[in-house]
Structure formats: C-alpha cells, structure tokens
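Chain naming here is simple, since letters A, B, ... match the order of the sequence lines and numbering starts at 1 in each. In this text the structure is predicted, and so the values were computed from the model without any measurement.
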Protein chains: 2
Amino acid sequence: MNFQQRKNKILAQLASRGEVDTRELALALDISEITIRRDLNRLSDEGQLYRTHGGAIPVDQPPLPFQFTHKATANQSAKDNICRKAAATINDGDIIFMDCGSTVFRLCQFIKNRKIKVITNSMPVIQALQNTTVSLNIIGGEYDAARQAIHGSMAIEHIARYQAHKAFIGVDGLSAKGLFAHSEKEADMALALAHHSHTTYLLCDASKINKPSYLHFAPLETVQTIITDAAPDQLQYCKKKGVKVITV
Amino acid sequence: MNFQQRKNKILAQLASRGEVDTRELALALDISEITIRRDLNRLSDEGQLYRTHGGAIPVDQPPLPFQFTHKATANQSAKDNICRKAAATINDGDIIFMDCGSTVFRLCQFIKNRKIKVITNSMPVIQALQNTTVSLNIIGGEYDAARQAIHGSMAIEHIARYQAHKAFIGVDGLSAKGLFAHSEKEADMALALAHHSHTTYLLCDASKINKPSYLHFAPLETVQTIITDAAPDQLQYCKKKGVKVITV
DNA sequence: TCAAAAACGATCAAAAACGATCAATTTATA
DNA sequence: TATAAATTGATCGTTTTTGATCGTTTTTGA
C-alpha cells in the first residue's frame, strides 16, 4: 500500500462521503496515523483536498483551473445541441477561429478528435483542446483574468495575420438591429474574427435572441449563419438580410 | 523472456489489477528486481505507466493541466532558492519576460503579490499568475502541447513588439562555450527575450552547469547575470566575459 | 477562562526501495 | 569464429518511506 494507492482511496472516500477522518483512514488502510497525516498534508499541497483538524474535506474549487464553472450549467443541453450542429459544418483540414464565450467553449468536446487547426483567445478552449488531435494557435496579447481570455490591440493584430475558413463567435444579445456585446473588448475581437474568416457562425441560445444588450457593435450581416435553438419565427428578419439560420 | 514480452505482461497486469509491485513482478516473471525497476522506468519514460515507489500504476487521464508535475520535484529546493534571489531583483512596476522552463516557472510563487507586468509564453506561468496582482501578457503563436508553451515565428514577432526591463530564462546546459537548448524553438525564444529586455537573467541549477547539451545557440555574453546554486569556482570563466554570477 | 483530550509536527531510527557501478551473460554483427 | 553491443544480475552506498517518541498546538467542554 504505497502513497499512490492510498491517495486513490482517500480521494475516493472524500468524494463519496464528503469528509475523511485521520483515525478512520489509519484503521481502514492499516497504516499509522502519522503517515495518513503526511498524506493529507501532501494532498493538500497538491490542492486535492482541504485539510481540517482531524481529517480533510473536498476542495469545492473546480479541479480544472480554466472552466466555465457557473455558466457551463446554464442552458447546457441547448448549447450542446447548437455546438453539435456547428461541429458538423467543420471539415478536416479547416482552420477555425473560436472566441471566448461559454457557448463556443462547448464546441470543444465535439471537435477534439478532428484534424483541424483552432485559433483562439480563450484559455478554457486551449486547455480543453491541448493534447488532442487539434492543432492550436493562441492569440497573443493582454490577458483578462475575468474573461479568461486575451484581448487588446495586439490580439487584434494577431488575428489580422491569419485567415480562417470559419469563425465561431458568441454574443451577449441579438436583435434585428444587430449584435450586442457586454464589453468593447469582446466586440472588437468578434469583429476581427469575422473579418478574417470566410464564413462566420454565430452560436446563440434562445435566451439571447431579441435581447438587445449593453453594446451594439455590428449589423446582423456581419455573420453569415446563426445556429440557435430558438423558434424560427423569432428570427424572420434574418432572411431578409441574407443571414442563414440553422435551428437545432 | 525479453523486454517486449515483459512489457506486455507488465501492462496486462497493470490494466487488470490497476497496479504492479516490483517484488511480485520479479517473482512472477522470474527475473531480478533491478531489471523490473529498469523496465518500469523505461515504460514510465514512454508514458505507458506512472512510476510509484515500489511499483507502478496506470496512467489515467492527462495529469493536472498546465503543471510541471514530474519535473517539479527535481531539484525543487535549489530552484526555489534561485528563484527567491531572482525575485529580489524585481522592482514594482517592472515589465519582465519569463520563458517556459521548469526553473523559471518556480519564480511565480515569489512574484504573485507584486505589482509588475509579466510577458510569457508558458501556460503553467499563466495559470499560476492569473487572478494575482500581476498583469499578464501572453505571447501568441502556435501552441506546443509537449512544452506547454507557445513557440514559432508569430511568437518571436510578438516579443519584438515589446521591450522589458528584465528577462528570466532557463537553459538546458551551460558551459564556457555558451548556452545550450534542447530545441531550436526554445533557443529562438530565449534569444528573442534576451534581445528585447534591458537585463537578462539566466536561472540555472547546478545540474546544468558545464553540461553542454543538444544545441549551442548563444554565447555566454547573451545574458548579463547568472543565478545558480553551483559552486562559484565552476563558473570562473563568466567573470572574464563580464557575466555576473549570483550564488544562492 | 481554564484544563483535559485530541490532534499535530519535529525528530530520530529502521526498513524498504532505489540507482550507480561493474561483472557476467546473451545477442548481434563482421 | 571473433568482436562489439546490449542485456542482465550482484554489490553497495544513497534516498525514500514509514513508524515511534515526545513536546506543542488546537479543540472541546465544564
């Protein structure tokens, strides 16, 4: 019974019972308490658990540093359906842009075994796609911790050096007037991505449809296709402007 | 019973039982423990299993994202001492470059409460410094998953747009001939960082001193200061070339 | 607030695992 | 067959892991 095995058992019990106790563990694993304490301290250093007097409790933090922990659960299945359709439009060999929204992030799971090149400013995307068959290009510039993404003029310049087949972007709101973002930074990024790709796809769940938001930054025609779970009749104005709508 | 046969048996047992034990394997395969240990180390190098004290366990999911999980334990205290000194040279308001080595990474812990700007191509560094008082700038370009860092010509161009007060770089080897790297990518990055900073610091633990390595890429004078735990008499040639040596 | 009990970590010692080194053996190659 | 190269095993000093002791810190409850 070495450390690795004990580690597994300790973490397993922590996950199932929500707590561990030094004495119980020592008894259960047939090993001295001092060793258990050393194990717990070590795991605490590794950030695997939170040490208490007498044992340990789970870390409530997300184990993965870059994640959409909160947003990821909202409208998850709708977003997944949207992203499944989006992934179906991608061909092997494509070069695609992905922006830093939570919707676009969920595209990762559907493309991780594809042979494509992804250019992105989103840390969660980078993490999700590292060590996959996807080739990654990271947009450089100033890092915005709140958005877990890279923004700024260097980022815009970086994008301008590339040309992609497809761009996948998200927005904060959408109406007949056009696209809305909740920051200038994100608006600038979305525009740059759209301008340097052949086709721009807007991934947008129903909760954002016909919800003008903070900043109106682009006309609807900036994108070529909208993929959404909203009812088609909510987006009739798109047809008039030549924007294709795919409903999931 | 050659290595290939043993490899199959070891991996088979690992898959079925979830663990292997050096002594048991030696007994079961009728071969000495030292050979088993050599096998396990070799398979560990190949990434087929994860070595533990006394045996091995399967490699499960990709380990923790963006961490120097394996290297981080090697020479850790020496590296920490080096980085403590390095951090002492940094002033509030400084703009610094950090490269993607495991030594330089350990600098993070000492600067995370400083008011400085860090420009880096290293994912572990970005992760360690996000949500701290440090302002982050990420070097853009093609992502190299093996090194957890960004390399390539875009990265070099990105660096050229900035000018930093200090650059902190690591190398794979160091001798009177100069600096050695284990890839051209890392060499190019180190040179670019050095050229666009006022002062370049080489962080280098004793294990790399006077160890010419794969690629000789720059003369010693490329850096202005070496911070190391090696004995000063091992680096007497530095003085002649005007390179300052700080010993921890 | 104070005292007893529990948990804790520093220190030391023993056991196990380990790797460097060198010799013996096997395998490959000329 | 002779030679070189690779593999394997034995020895031995080193490192890692583990447990016991004991003084200190934290918790608990009167």
Colleague: Test side chain to side chain donor-acceptor pair (under 3.5 Å) on A:N121 and A:Y143; report intermediate values, then the result.
Modeller: CA-CA 9 Å; A:N121 68 325; A:Y143 181 66; over 6 Å; no

Colleague: Is any side-chain heavy atom of A:K117 closer than 4.5 Å to a side-chain heavy atom of A:D94?
Modeller: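 Side chain of A:K117 against side chain of A:D94, heavy atoms only: no contact under 4.5 Å found.
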
Colleague: Looking at A:D92 and A:R114, is there a salt bridge between them, counting it only when a charged N and a carboxylate O are closer than 4.0 Å?
Modeller: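 A salt bridge links A:R114 with A:D92.
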
Colleague: Quick one about A:S183 and A:R147 (side-chain donor to acceptor, distance below 3.5 Å, no hydrogens or angles considered), yes or no?
Modeller: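 Result is yes, a qualifying pair exists.
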
Colleague: Evaluate the side chain to side chain donor-acceptor pair (under 3.5 Å) criterion for residues A:N137 and A:Y162: first the C-alpha distance (whole Å), next the side-chain angles of each, then the deciding distance (0.1 Å), finally the verdict.
Modeller: CA-CA 10 Å; A:N137 186 298; A:Y162 294 90; 3.0 Å; yes

Colleague: So if I apply the side-chain contact (heavy atoms from CB on, under 4.5 Å) rule between A:R6 and each of A:L40, A:L29, A:L25, which one comes out positive?
Modeller: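 Result: among A:L40, A:L29, A:L25, A:L29 is the only option passing the side-chain contact (heavy atoms from CB on, under 4.5 Å) with A:R6.
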
Colleague: Can you classify the ring geometry of B:H216 versus B:F180 as parallel (below 30°), tilted (30 to 60°) or perpendicular (above 60°)?
Modeller: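 B:H216 and B:F180: tilted rings.
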
Colleague: What's the CZ-P distance between A:R42 and C:dC8, to the nearest Å?
Modeller: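 Rounded to whole Å, this separation is 18 Å.
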
Colleague: Where along nucleotides 18-30 of chain D does protein come under 4.0 Å, by heavy atom, of base (B) or sugar-phosphate alone (S), with - for untouched nucleotides?
Modeller: BB------SS---

Colleague: Does any non-hydrogen side-chain atom of B:T225 lie less than 4.5 Å from one of B:V245?
Modeller: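 Side-chain contact under 4.5 Å: no.
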
Colleague: In whole angstrom, what separates B:Q4's CD from D:dA6's P?
Modeller: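 Roughly 16 Å, once rounded to whole Å.
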
Colleague: Between which residue ranges does DNA chain D form stems of three or more consecutive Watson-Crick or G-U wobble pairs, both distances under 3.5 Å?
Modeller: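 In DNA chain D, stems of three or more pairs: C:1-30 with D:1-30.
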
Colleague: Between C:dA7 atom P and A:N41 atom CG, what is the distance in whole Å?
Modeller: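 Answer to the nearest Å: 15 Å.
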
